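Lettering follows sequence order; numbering is per chain, from 1. Just so we're clear, the structure is a prediction, and the values are computed from it rather than from any experiment.
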Amino acid sequence: NAGVTQTPKFRILKIGQSMTLQCTQDMNHNYMYWYRQDPGMGLKLIYYSVGAGITDKGEVPNGYNVSRSTTEDFPLRLELAAPSQTSVYFCASSPKAANTEAFFGQGTRLTVV
Amino acid sequence: AQSVTQLGSHVSVSEGALVLLRCNYSSSVPPYLFWYVQYPNQGLQLLLKYTSAATLVKGINGFEAEFKKSETSFHLTKPSAHMSDAAEYFCAVSDSSASKIIFGSGTRLSIRP
């Protein structure tokens, strides 16, 4: 079972570059999420989606964009990377947000220099 | 808006001692509450969840948590710590009308031999 797969695992970007963090899940989950994790700050929700074609902002959406054209994929786009976006990014999915388990990918460690 | 507060960013206990990790929540509606665990360089995995069926919730690896509405708390406990319990623990909340899961700042648990 693949679950939630994130690529790449590591990436170094220069300031001003852009990139897309890929996330795909094979569990047919409707809900998908992007979080960033910074030391001592826990996980902050960037964007989430409740189904294909529907996305919404989370707690810290500035500097990011998402799309959800299929149930399986939920890519996160960084435009004009900044040092403040250095973080570990986690994608997660769940059948339903309210009372079900969220399944996490292994994370992408991004450094912006 | 829903939120959780975890008291203590770092807790250290001796092997065999009681583990107590504290979480208080804020929610305008009956909450769904979760505890997740993160081992080094991995994603998060669910320990247990509260969905109003029972106030004492048992999870994996001998952990349990008690929902106390009067105290707005959902503290995580384990009677006897093992070295393998060393990890970071996150409390999270979602409510029945929300489509997102909000995490606390995390508590790092260390186990002394």
Under 4.5 Å between side-chain heavy atoms, counting indirect links through other Ile/Leu/Val/Met/Phe/Trp/Tyr residues: same cluster for [X] and [Y] or not?
X: A:Ile54; Y: A:Tyr47; answer: no
X: A:Phe104; Y: A:Val50; answer: yes
X: B:Ile60; Y: B:Tyr50; answer: yes
X: A:Phe90; Y: B:Leu46; answer: yes
X: B:Val11; Y: B:Tyr39; answer: yes

Any donor-acceptor pair under 3.5 Å linking the side chain of B:Tyr32 with the backbone of A:Thr100?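 Answer holds: no.
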What I'd like to find out is whether the side chain of [X] reaches to under 4.5 Å of the side chain of [Y], using heavy atoms alone.
X: A:Glu59; Y: B:Phe103; value: no
X: B:Asn41; Y: A:Gln106; value: no
X: A:Gln37; Y: B:Phe90; value: yes
X: A:Tyr35; Y: B:Leu44; value: no
X: B:Lys100; Y: A:Asp56; value: no

Which atoms of [X] approach chain B - backbone, side chain, both or neither, heavy atom under 4.5 Å:
X: A:Phe103; value: neither
X: A:Gln6; value: neither
X: A:Leu43; value: both

Under 6.0 Å from the CD1 atom of A:Ile12, do we count more than 12 heavy atoms belonging to anything else shown? no
Counting only heavy atoms not in A:Met41, do more than 12 fall under 6.0 Å of its CE? no
Among B:Gln45, B:Gln38, B:Lys49, which has the most heavy-atom pairs under 4.5 Å with chain A? B:Gln38
Could you pull out the closest heavy-atom pair between A:Gly40 and B:Ser105, with the gap in Å? O-CB, 3.8 Å
